[in-house]
Structures are given as structure tokens and as C-alpha cells.
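First up is the structure itself, then whatever we jot down about it.
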Amino acid sequence: MPAARYLNAMTAKSDKEILANSMYEDDPNGNSAPTTLDQESEQPAAGQLQEATTAGATTTAATSPRWGPQNKGAQELASLYSPGKRAQEIICVYTCIGLMIINFGLIVKHLRWERISVAFISALCGIITADFASGLVHWAADTWGSVDLPLIGKNFLRPFREHHLDPTSITRHDFIETNGDNFMNFGWIAYVFLCSIFVAMTNQIHKWSHTYWGLPRWVLLLQSCHIILPRKHHRIHHVAPHETYFCITTGWLNWPLEKLRFWSTFEFIIERFTGLKPRDDDLKWAKKLT
């Protein structure tokens, strides 16, 4: 496959492109894409679905949801969540919380005010590392592998496939299911402490970015200040085929990584040496509409 495809694939998407393909504020699962846009507000016309032809010139009404709880693929993937997976998540959550409490106690005990600036910088670097780690794992799970792979397929790749077919399913998961895998991470000192907290809370932050009502005011404040992933920022990732803006902790690194064409270059190298197609399994599941 030509390298030019990858080098040009990550051009910035316009607001109109994002609006036409991603979830809408009044329709969390994005099944009401418009056939026409109000020129002033660019809001979707109620109850309509846009289905562009290859030329992008005509639209037709859709008879089945593009994604959501009614999507056949989403239902099949949700059914693969097993009791064994649940047990692993419970163990990870409670173990990680216990280690974090011990870690916090050690930090407080050994804190020296003359080195508070070092601790602050280390903590900030930990947050940035957590954001990059979220993007790296998210990109790898979205782009490579299959649900059919032993061990990691149903346990770790399945939620990523389900999320693209039913983006708001994460809001129906409890704290254990949402955060179990991420709580496997823990660490030491201020850098690793903040990194471990933000990595552990990545999917909770991700869940909040898909939650359209009932969020605490402090979460909305953190989103509005872009301390954690804002909802509008994350919409860019949910433009099919989900090829950009993978960092889902703070989202701070999404813009620079896209400008550097980091993910597309990585994908080109992997395809060149392995022959594996990016997002091949993800696209397979996306075809299961009904």
C-alpha cells in the first residue's frame, strides 16, 4: 500500500466533517445524522439519517441504526463479557486502590517542602504520560488484532469493538467494568502516582465524555478546563473509521500527535512489515448493522 496514503491520511478534519459523522448532543448514539444542516446552527434535522453515496452527492434514509444498543454486532460483543473477566476486574480495582492508598501515605510522609516544585513537575509529567499511554493502548486495540484472538481478544479487544458500535454502552457499565483493566497499573513517587491515577481513571474519564446528563459539577468543570477529556474534543475520534485522536485521558496530546502523523506512520510501518491491515477487524464488526 502506498506510503502517501498514510502520510496524507491524518489531515485535520473540519467541523462540518466531524458533525456529519460523529455523535450529536441530542442523540448519543448518533443515529439521527441529518440530510440537511441548518446553515446558521448546523444542527441535524430531527429523525433523519444521512447516507452519502461514493460521490457524496445524494442522501437516503436509513432503515437500521448505524450504531447503538440495537446494533447486532454490539449485542453479540456485549454478550461475551464473562464472569471470569468480571472477577479479574474486581481483583485489579481493589488491589490497585489499596496500593494507591499506601503510596499516597508514603508520599505524604516523605514530602519535603523545599522539593515541592520537583514533585509538581513530576506529577504533571505523570499526567502527560498517562494521556500518551491511553492513546497508545487505544490506538493499538482499535487498529490491530481480532476478538477471536486467544486470551486478549474477548478480554481486552472486545470492549473497543463494542464501543465503536454502541458508544454510550460505557455509560451503562458500573465502576468495576468501566475501570477494571486500567486499575492493573500502579506505581511510586509523584510522577508514577499521578500517572497511575490518571491511567487507572482513563476509562472513567472516557465514560464521562460520553455521558450527556447527570454529571457532577466538578466533572463538568474539569472538562470545560480541559483538565480531563472534554466531550466535544472526543467526538473527533468517533468519526469513522476511528483513525485519530486516540488519547482519552486528558486529550492534550491528540493535536500534536496528529500533526506529527504519529499513528499513521506507525500503522504504515506495521503494515509494511507484517501485512496486517489497520482497523480490519473493527471494520468487520461495523458491517453488522442489524
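On a predicted model such as this, the values are computed, not experimentally measured, just so you know.
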**Request:** Mind checking the OG1-CD1 spacing from Thr250 to Ile228? Nearest 0.5 Å is all I need.
**Result:** 10.0 Å
**Prompt:** Are Leu257 and Leu136 in one and the same hydrophobic cluster, where Ile, Leu, Val, Met, Phe, Trp and Tyr link if side-chain heavy atoms are under 4.5 Å apart?
**Reply:** yes
**Complete:** Which of His237, His242, His206 passes ring-ring contact (aromatic ring centres under 6.0 Å, His included) with His163? Answer is His206
**Item:** Between Lys207 and Gln204: side-chain donor-acceptor atoms closer than 3.5 Å
**Value:** no
**Message:** Hydrophobic cluster membership, with links at side-chain heavy-atom distances under 4.5 Å among I/L/V/M/F/W/Y: are Ile152 and Phe160 in one?
**Reply:** no
**Asked** Is any side-chain heavy atom of Trp263 closer than 4.5 Å to a side-chain heavy atom of Glu243?
**Response** no
**Prompt:** Could you state the interatomic distance from OG1 (Thr265) to CD1 (Ile270), rounded to the nearest 0.5 Å?
**Reply:** 11.0 Å
**Item:** Over all atoms of both residues, closest heavy-atom pair of Asp131 and Trp252
**Value:** OD2-N, 3.0 Å
**Message:** Evaluate Arg158 against Arg161 for side chain to side chain contact (heavy atoms under 4.5 Å, CB included), listing each step before the verdict.
**Reply:** CA-CA 5 Å; Arg158 177 197 62 81; Arg161 303 294 181 267; 5.9 Å; no
**Message:** Under 4.5 Å between side-chain heavy atoms, counting indirect links through other Ile/Leu/Val/Met/Phe/Trp/Tyr residues: same cluster for Ile176 and Ile91 or not?
**Reply:** no
**Prompt:** If you measure only the distance, is there a donor-acceptor pair under 3.5 Å linking the side chains of Thr249 and Thr202?
**Reply:** yes
**Request:** Indicate if Leu221 and Val219 have the same hydrophobic cluster label, given that clusters are the connected sets of ILVMFWY residues with side-chain heavy-atom separations under 4.5 angstrom.
**Result:** no
**Message:** Assess the residue pair Trp208 and Leu222 against the criterion (side chain to side chain contact (heavy atoms under 4.5 Å, CB included)); give the C-alpha distance rounded to whole Å, side-chain angles, the decisive distance to 0.1 Å, and a yes or no.
**Reply:** CA-CA 11 Å; Trp208 288 332; Leu222 291 176; 5.8 Å; no
**Request:** Assess whether side chain to side chain contact (heavy atoms under 4.5 Å, CB included) is satisfied between Thr143 and Arg279, documenting all intermediate values.
**Result:** CA-CA 4 Å; Thr143 309; Arg279 285 166 290 280; 3.3 Å; yes
**Item:** Passing candidate, ring-ring contact (aromatic ring centres under 6.0 Å, His included) with Tyr245, options His238, His138, His233, His234
**Value:** His233
**Asked** So, do Phe132 and Val137 sit near enough that their side-chain heavy atoms are less than 4.5 Å apart?
**Response** no
**Message:** Quiz question: by atom type and distance under 3.5 Å, do the side chains of Ser209 and Arg231 form a donor-acceptor pair?
**Reply:** no
**Message:** Measuring only between side-chain heavy atoms, which start at C-beta, is Asp282 closer than 4.5 Å to Pro241?
**Reply:** no
**Asked** Does Trp139 have its ring centroid less than 6.0 Å away from the ring centroid of Phe266?
**Response** yes
**Item:** Gap separating the CD atom of Glu271 from the OG atom of Ser264, nearest 0.5 angstrom
**Value:** 12.0 Å
**Prompt:** Which atom names give the shortest non-hydrogen contact between Leu157 and Trp144, and what distance separates them?
**Reply:** CD1-O, 4.1 Å
**Message:** Does any part of the side chain of Ile248, heavy atoms only, come nearer than 4.5 Å to the side chain of Ile205, both counted from C-beta?
**Reply:** no
**Prompt:** Atom SG of Cys247 and atom CH2 of Trp255: how far apart are they, to the nearest 0.5 Å?
**Reply:** 14.0 Å
**Complete:** Closest non-hydrogen atoms of Glu162 and Leu77, given as atom of the first, atom of the second and distance, are N-CD1, 3.5 Å
**Message:** Test side chain to side chain contact (heavy atoms under 4.5 Å, CB included) on Val147 and Lys154; report intermediate values, then the result.
**Reply:** CA-CA 5 Å; Val147 175; Lys154 293 180 181 179; 4.3 Å; yes
**Leu260-Ile269 co-clustered via ILVMFWY side chain contacts under 4.5 Å** = no
**Request:** Indicate the atoms forming the closest heavy-atom contact of Gly145 with Leu149, along with that distance.
**Result:** CA-CD1, 3.7 Å
**Distance-minimising heavy-atom pair for Asn254 and Phe246** = OD1-N, 3.2 Å
